[in-house]
Amino acid sequence: MQNHDLILLPPMRTSKTFPNASRNIRKYPETKESSPSFVAFPSKVLFNLGILPLPLVTQSLSSILHRFSLSSQAQRCLGSCFSEPSSSFDRSIAMAATMSVGALGAATALRVAADSNVGSAASSMSGARMVAPARRTAAVKGSMKVSASMSHNLRDYKFAPIKESIVAREMTRRYMTDMITHADTDVVVVGAGSAGLSCAYELSKNPNVKVAIIEQSVSPGGGAWLGGQLFSAMVVRKPAHRFLDEVGVAYEEMEDYVVIKHAALFTSTIMSKLLARPNVKLFNAVAAEDLIIRGDRVSGVVTNWALVAQNHHTQSCMDPNVMEAKVVVSSCGHDGPFGATGVKRLRSIGMIASVPGMKCLDMNAAEDAIVKHTREVVPGMIVTGMEVAEIDGSPRMGPTFGAMMISGQKAAHLALKALGLPNEMDGNYKPNVHPELVLASTDDMTASA
């Protein structure tokens, strides 16, 4: 990073945020295709003041904007993101995102810059915790600011009026926009259980990777809402607990494992953080009915509403939709009505020889094997989680969840590798990688897989 690398910010935000730094301001020249509302700041100044996180400063936000072909209207919308209260901030990003895919990518980067004060994008793969972004406050008239938890008069509580058609339009427009955006996406994760969510979480750290999650159930999470036999606690064997540290899930620490008091704490926490990221969309109540195959490569999924997929035998001709993807991650779990559907379909078309099914329970052997054999089974399709046991005939693990999390992380880095991006598998994702966190086992044979 050089002192003269310039970051573009509008004067309205710069004057409020650091009014005494006016000597660093240099007017960004107005052109036909640029907004005069931007001023240029040295990137190192912004980092030292805590305005931008290191990853964005390092590559320079001005270079991020340069990568996207933005109209002057889109630039103005993005510029207003820095000077408006939270609700207008979100509207500005939404408006800019509808103008072009480039604006969506730039909006993603700007959102990270505005909302975060993160010194490093390190993950549990390198043994470091992520720093949570500061809580935003809601702006009100005048100079006073109040938090979202402000008390209300519950004896005479009234909602603002709204037309029913507005509600319908808001839901429909946003969902249709998401479908258009992800009709051709980078990675589709099929199955939002603990492995699928962990995979999507790891992938979403790169704001330039579009991630779509397909989940047939209305409620994502798979079996990770409870521990074994419908009990509450979730057991995670070390060293996978460092993933919990990163996500921010509390646990009781034992010698070789940790215990989360309720499995729902993990699932709800990772889901809330994952779905808040602008490059991720969860399509729940949607089933992956089939695969798109071109030659010998998986190139996407065939989708339908889950209720339609379950009732093809009652109706005729309920055609599906499609979602193209550079990489498909199948995390459909062990065999069942919607289980192991990815590998079973590969077997039915002859792309793999067999799906023997998982063997009987052996926790110690099972978790190591799940992570070790998480892989790209055919070009374009990666298998993770318990679906790995189905294709390899490895033991079931029972009510322990560490392998699901680390298998999901490994699948994410295999997907990044397939996309030609820095990844842990090639050793170019982070320096100083802790070997025990590459996989859920310190076994030499497994760690080298």
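A quick note: this is a predicted structure, and the numbers were derived from the prediction, not measured.
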Worked check of side chain to side chain contact (heavy atoms under 4.5 Å, CB included) between His262 and Leu226: CA-CA 7 Å; His262 202 298; Leu226 292 166; 4.0 Å; yes
Residues Asp256, Lys238; criterion salt bridge (Lys or Arg N to Asp or Glu O under 4.0 Å); working and verdict: CA-CA 6 Å; Asp256 296 319; Lys238 294 181 178 179; over 6 Å; no
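Look at Lys281 and Asp178 and you find a salt bridge, because one of the NZ, NE, NH1 or NH2 atoms lies within 4.0 Å of a carboxylate O, short of that distance. Salt bridge present: Lys205 and Glu246 bring a charged side-chain N and a carboxylate O closer than 4.0 Å. Asp392 and Lys372 are not joined by a salt bridge, as no carboxylate oxygen comes within less than 4.0 angstrom of a charged side-chain nitrogen.
When atom types are taken as modelled, the side chain of Asn284 and the backbone of Val218 share a donor-acceptor pair closer than 3.5 angstrom. Within the 3.5 Å criterion, the main-chain N or O of Val190 finds a donor-acceptor partner in the side chain of Ser331.
For the atom pair Leu414 CG and Gln409 CD, the distance stands at 12.0 Å (nearest 0.5 Å).
Checked against Val167 for a side-chain contact (heavy atoms from CB on, under 4.5 Å), the options Met171, Glu170, Arg169 give a single hit: Met171.
Residues Phe283 and Tyr175 bring their aromatic ring centres within 6.0 Å.
Listed by chain and residue number, Met234 satisfy the side chain to side chain contact (heavy atoms under 4.5 Å, CB included) test with Ala263 (two or more places apart in sequence, or in another chain).
Because its NZ or CZ atom is not both nearer than 6.0 Å to the ring centre of Phe401 and within 45° of the ring axis, Arg237 does not count as a cation-pi partner of that residue.
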